[in-house]
Amino acid sequence: MTEIRTPRLLLRRWHDDDLVPMADINADPRVMRWIDDGSVRDLDHTAEAIERWEEEWDEEGFGLFAVELLASGELAGFTGLYVPEFLPEVGPAVAISWRLGSQFWGQGYASEAAQATLEFALQDRGLDRVISISRAGDAASENVIRKLGMVLERETVHPVYGFPLRVHTIDLTEYQA
Ligand SMILES: CC(C)(COP(=O)(O)OP(=O)(O)OC[C@H]1O[C@@H](n2cnc3c(N)ncnc32)[C@H](O)[C@@H]1OP(=O)(O)O)[C@@H](O)C(=O)NCCC(=O)NCCS
């Protein structure tokens, strides 16, 4: 079973109990503001998404980790790796992603989880490069991207929604947490 402990977080595979707290996160317009077309997601959509994320773990050997606070056991959201099939021009590539409930922002949890995810990508999966794809204007994500040491590789547009996207990259062979 794949689990990572950081000073404050447990990164792990998904449990049935995660559905309701993750659906609450996906139902918050502040959280969804910069994701796809910005629409919120309901419980059924979240259930399907968790199922898909678990399948990705089984098929790829990596995926989106459920991020749990060690102190309280609460689900804070997710951080992890995915294959960005929606943007073929960057492939083949593995991308990092994050989404936390708004009550968990501003405490350094996203950066802590993202650093652990990059170490997992390098050490456990042997990946030498990870990218991130963010929507232009998503300042909170850009802040995490900058702190991870990722560099801008290209600017493009979302193939479905047409808004500007920014693709950053990091060479993990030179990565120092
Ligand atoms: C993107 C997102 C994950 C960033 O979360 P975040 O909490 O802002 O990110 P961080 O973990 O870097 O924490 C930020 C702040 O916490 C503060 N902080 C408090 N305690 C801290 C600690 N112990 N360690 C580090 N930072 C700490 C810092 O001030 C830090 O800001 P700074 O780097 O400017 O100094 C969050 O905004 C989110 O979930 N957004 C919605 C989903 C989304 O848009 N995903 C991206 C789609 S591509």
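Both counts, for ligands and for their atoms, begin at 1 and track the order of listing. For clarity, every value in this text was computed on a predicted model and none was experimentally measured.
In this structure, I133 shares a hydrophobic cluster with Y82, F86, L87, V90, I131, V160, Y161, F163, L165, V167, the cluster being traced through Ile, Leu, Val, Met, Phe, Trp and Tyr side chains under 4.5 angstrom apart.
A donor-acceptor pair under 3.5 Å is absent between the side-chain atoms of D28 and the main chain of I25, judged by distance alone. For E56 (side chain) and L64 (main-chain N/O), no donor-acceptor pair under 3.5 Å exists by modelled atom type.
Every pair passing ring-ring contact (aromatic ring centres under 6.0 Å, His included) that includes a residue from residues 116-141 is listed here, sequence neighbours excluded: W57-F120, F65-F120.
Using a 4.0 Å heavy-atom criterion, the residues that approach ligand 1 are R8, V31, I35, W98, R99, L100, W105, G106, Q107, G108, Y109, A110, S111, I133, D138, A140, S141, N143, V144, K147.
With respect to D42, the side chain to side chain contact (heavy atoms under 4.5 Å, CB included) criterion is satisfied by exactly one of D44, T46, V40: D44.
Residues satisfying the ring-ring contact (aromatic ring centres under 6.0 Å, His included) criterion with W98, sequence neighbours excluded, are absent altogether.
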